[in-house]
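Owing to the predicted nature of the structure, the values given are computational and were not obtained by experimental measurement. Chain naming here is simple, since letters A, B, ... match the order of the sequence lines and numbering starts at 1 in each.
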2 protein chains.
Amino acid sequence: MQYSIGVEYGLHCLVYLIDIPPDATIGIKELSAFQGVSETYLSKIFSKLTKAGIVVSVPGVKGGYRLSKSPDDISFWDVVEAVEGATPIFQCKKIKDNSYLCQDEEYAACSKASPCVINMTMLEAEESMRNVLRNKTLSWLNEELDRVLTPQSRKDTRQFFANSTNV
Amino acid sequence: MQYSIGVEYGLHCLVYLIDIPPDATIGIKELSAFQGVSETYLSKIFSKLTKAGIVVSVPGVKGGYRLSKSPDDISFWDVVEAVEGATPIFQCKKIKDNSYLCQDEEYAACSKASPCVINMTMLEAEESMRNVLRNKTLSWLNEELDRVLTPQSRKDTRQFFANSTNV
DNA sequence: TAATCGCCGATTAATGTTGTCGTCGATAAG
DNA sequence: CTTATCGACGACAACATTAATCGGCGATTA
Ligand code: FES
Ligand code: FES
């Protein structure tokens, strides 16, 4: 059980979209080349991010992607939800509604009407994880990277994309 | 992306092991019959629970399973970990160590030495989920079920297993 | 008008999940 | 002591999902 690699691709790529000039874009080709990941697959991830309203795509020659809103308004959870979907990690298959006691029609109806404590507990736990992710924004991530990485490497990274940014 | 159905099977079945007389056991056959799930697959789940030290198996005729410790000492997370394994939901593939800048040997070494902020954030979020699950024990679950389910259905359930409990 | 880009659906290979089968060793009952 | 019953375990099969590719489409720019 695990999140798909697309979450990692997406989050890492979005970082590079934060600091570009307004109205500039970065293409899939640049992003995949810089990260050393599959171009076609990354393009699928960005389709999802576009549908989720996190980035805006510019088609045509010199096209590419840019953030659709302030990096302050994009949380980790937004990205995870866009890539993985909103379905919970614990997916209750309602096995309690299938038990021996449910051979009694009346009991079955009653069981189906009431929620399962186990399911609710699992969903509560997931919600706690989501809340942590909701509190981490791309802006926060960008500042954190400024703190952790060397200024030189940050500069080199921006240089790479500046050379190929489509204005 | 989801937890396997085994988590649901396991948690639901463990409930029935809480209230049985000491030294009594319940067999896979009873558990799977009551829940209406595959006998052979459920047996695999219980193998994992046994290895994790959550239940104790009694082989041979009239054999079965019983809790290996107080239901107060068995948390939801213990069960999830036993069935799903301890690997994190977000599995970092170290894509940052594969970037364009890492073509510079020196930079690559530096990158590999430092942790990724994104990965740490995701793990922190997961840890928050785990902590919720760690705080919910089987005892708590049992009391909650007493509160939520009808006394009659609880009684019927215990009756079902009492009829077939192996002493 | 031709080259370049994102978009989208079909497809594929690899991997993981769900579940079965058959064999083994342990054990209680006859 | 034999036999039927149980859990343990590994092989395997069916199915679903994931990671990734391919090819055609429409938009855009030079
Ligand atoms: S029925 Fe799905 S968790 Fe209880
Ligand atoms: S390298 Fe894996 S999350 Fe950053």
Side-chain angles (χ1 to χ4, degrees), chain A residues 1-10 13 17 23-33 35-52 54-66 68 83-85 87 89-91 93 95 98 164-167, chain B residues 1-10 13 17 23-33 35-66 68 82-85 87 89-91 93 95 98 164-167:
Chain A
M1 206 288 312
Q2 56 176 84
Y3 276 150
S4 80
I5 189 81
V7 174
E8 191 172 349
Y9 285 8
C13 286
L17 296 179
D23 294 329
T25 64
I26 302 184
I28 289 289
K29 208 166 251 178
E30 283 83 51
L31 289 167
S32 70
Q35 304 259 42
V37 303
S38 151
E39 191 180 321
T40 47
Y41 186 62
L42 186 59
S43 120
K44 283 201 175 301
I45 307 297
F46 266 81
S47 283
K48 290 182 180 180
L49 294 177
T50 306
K51 272 183 197 147
I54 293 172
V55 298
V56 158
S57 79
V58 176
V61 175
K62 296 264 178 187
Y65 293 92
R66 105 181 115 248
S68 77
V83 176
E84 291 290 321
T87 55
I89 296 174
F90 181 82
Q91 267 161 301
K93 298 284 172 41
I95 71 170
N98 212 16
S164 56
T165 293
N166 311 308
V167 195
Chain B
M1 206 287 312
Q2 55 178 88
Y3 277 149
S4 81
I5 189 79
V7 175
E8 192 171 346
Y9 286 8
C13 286
L17 295 180
D23 294 329
T25 65
I26 301 184
I28 288 288
K29 207 166 255 182
E30 281 83 50
L31 289 167
S32 70
Q35 305 258 43
V37 303
S38 148
E39 190 180 325
T40 46
Y41 186 60
L42 186 59
S43 126
K44 279 192 179 303
I45 307 297
F46 267 82
S47 285
K48 290 181 180 178
L49 294 176
T50 305
K51 271 181 197 147
I54 292 172
V55 298
V56 159
S57 79
V58 177
V61 175
K62 296 261 176 191
Y65 293 93
R66 100 179 120 247
S68 77
V83 175
E84 290 290 319
T87 55
I89 295 174
F90 181 82
Q91 267 161 301
K93 296 284 170 41
I95 73 169
N98 212 18
S164 56
T165 294
N166 313 306
V167 196

Q: Identify which nucleotide among C:dG19, D:dT28, C:dA28 has an atom closest to any side-chain atom of A:Val61, counting heavy atoms from C-beta outward.
A: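 Taking heavy atoms from C-beta onward, the closest nucleotide is D:dT28.
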
Q: Judged by each residue's nearest nucleotide on DNA chain D, which is more toward the 5′ side, A:Glu39 or A:Pro59?
A: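 Its nucleotide being nearer the 5' end, the pick is A:Glu39.
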
Q: Could you give the CD1-to-C1' distance, from B:Ile26 to D:dG7, as a whole number of Å?
A: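 Spelled out: CD1 on B:Ile26 to C1' on D:dG7 is 15 Å.
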
Q: Using the side-chain hydrogen bond (donor to acceptor under 3.5 Å, both in side chains) criterion, which residues pair with A:Ser38? Sequence neighbours excluded.
A: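 side-chain hydrogen bond (donor to acceptor under 3.5 Å, both in side chains) list for A:Ser38, sorted by chain: A:Thr40.
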
Q: OP1 or OP2 of C:dC7 versus the side-chain N and O atoms of A:Ser43: is any pair under 4.0 Å?
A: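 Looking at the OP1 and OP2 atoms of C:dC7, neither is under 4.0 Å from any side-chain N or O of A:Ser43.
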
Q: At under 4.0 Å between heavy atoms, what does A:Lys93 touch on the DNA or RNA strands: base, sugar-phosphate, or nothing?
A: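 No contact.
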
Q: May I have the distance from A:Tyr3 (atom OH) to D:dT17 (atom P), rounded to whole angstrom?
A: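 Result: 17 Å.
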
Q: Between P on C:dT17 and OH on B:Tyr41, what's the gap in Å once rounded to a whole number?
A: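 One finds 8 Å between P of C:dT17 and OH of B:Tyr41, rounded.
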
Q: How long is the line joining CD1 of B:Ile28 and P of C:dA26, in whole Å?
A: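 So the CD1-P distance, B:Ile28 to C:dA26, works out to 20 Å.
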
Q: Touch check for B:Thr40, heavy atoms < 4.0 angstrom, all strands: base, sugar-phosphate only, or nothing?
A: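 Contact class for B:Thr40: base.
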
Q: When the distance from OH of A:Tyr65 to P of D:dT28 is rounded to whole Å, what number comes out?
A: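 Rounded to the whole Å, the gap is 14 Å.
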
Q: Rounded to whole Å, please give me the gap between CD1 in A:Ile45 and P in C:dG6.
A: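 So the CD1-P distance, A:Ile45 to C:dG6, works out to 15 Å.
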
Q: What is the distance from CD of A:Glu8 to C1' of D:dT18, rounded to the nearest Å?
A: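 Nearest whole value for this atom pair: 15 Å.
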
Q: Shortest non-hydrogen contact from B:Glu8 to A:Ile95?
A: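 Heavy atoms only, the tightest pair is OE2-N, 3.2 Å.
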
Q: Shortest non-hydrogen contact from A:Ser43 to A:Ile28?
A: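 Between these two residues, the closest heavy atoms are CA-CD1, 3.7 Å.
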
Q: For C:dG6 and A:Thr50 - does any side-chain N or O of the residue sit under 4.0 Å from the phosphate oxygens OP1/OP2?
A: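 The answer is no; no side-chain N or O of A:Thr50 sits under 4.0 Å from OP1 or OP2.
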
Q: Please tell me if the side chains of A:Leu31 and A:Phe46 come closer than 4.5 Å, counting only heavy atoms from C-beta onward.
A: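 They are in side-chain contact.
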
Q: What contact category does A:Lys44 fall into here, base, sugar-phosphate, or nothing, at under 4.0 angstrom with non-hydrogen atoms?
A: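 The answer is base, as A:Lys44 lies within the cut-off (heavy atoms under 4.0 Å) of a base atom.
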
Q: With respect to B:Tyr65, which candidate in B:Ile54, B:Ile26, B:Thr50, B:Val56 satisfies the side chain to side chain contact (heavy atoms under 4.5 Å, CB included) definition?
A: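 Of B:Ile54, B:Ile26, B:Thr50, B:Val56, side chain to side chain contact (heavy atoms under 4.5 Å, CB included) with B:Tyr65 is met by B:Thr50 alone.
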
Q: Verify the contact: side-chain N or O of A:Ser4 to OP1 or OP2 of D:dT18, cut-off strictly under 4.0 Å; return yes or no.
A: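 No, because none of the side-chain N or O atoms of A:Ser4 sits under 4.0 Å from OP1 or OP2 of D:dT18.
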
Q: Whole angstroms only, please: what is the NZ-C1' distance between A:Lys48 and C:dG6?
A: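 The answer, rounded to whole Å, is 17 Å.
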
Q: Relative to the 5' end of DNA chain C, which residue comes earlier, B:Glu84 or B:Val58, by the nucleotide with the nearest heavy atom?
A: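 Its nearest nucleotide being more 5', the pick is B:Glu84.
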
Q: Using a cut-off of strictly less than 4.0 Å, decide whether B:Ser38 has a side-chain nitrogen or oxygen near OP1 or OP2 of C:dT18.
A: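 No, outside the criterion.
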
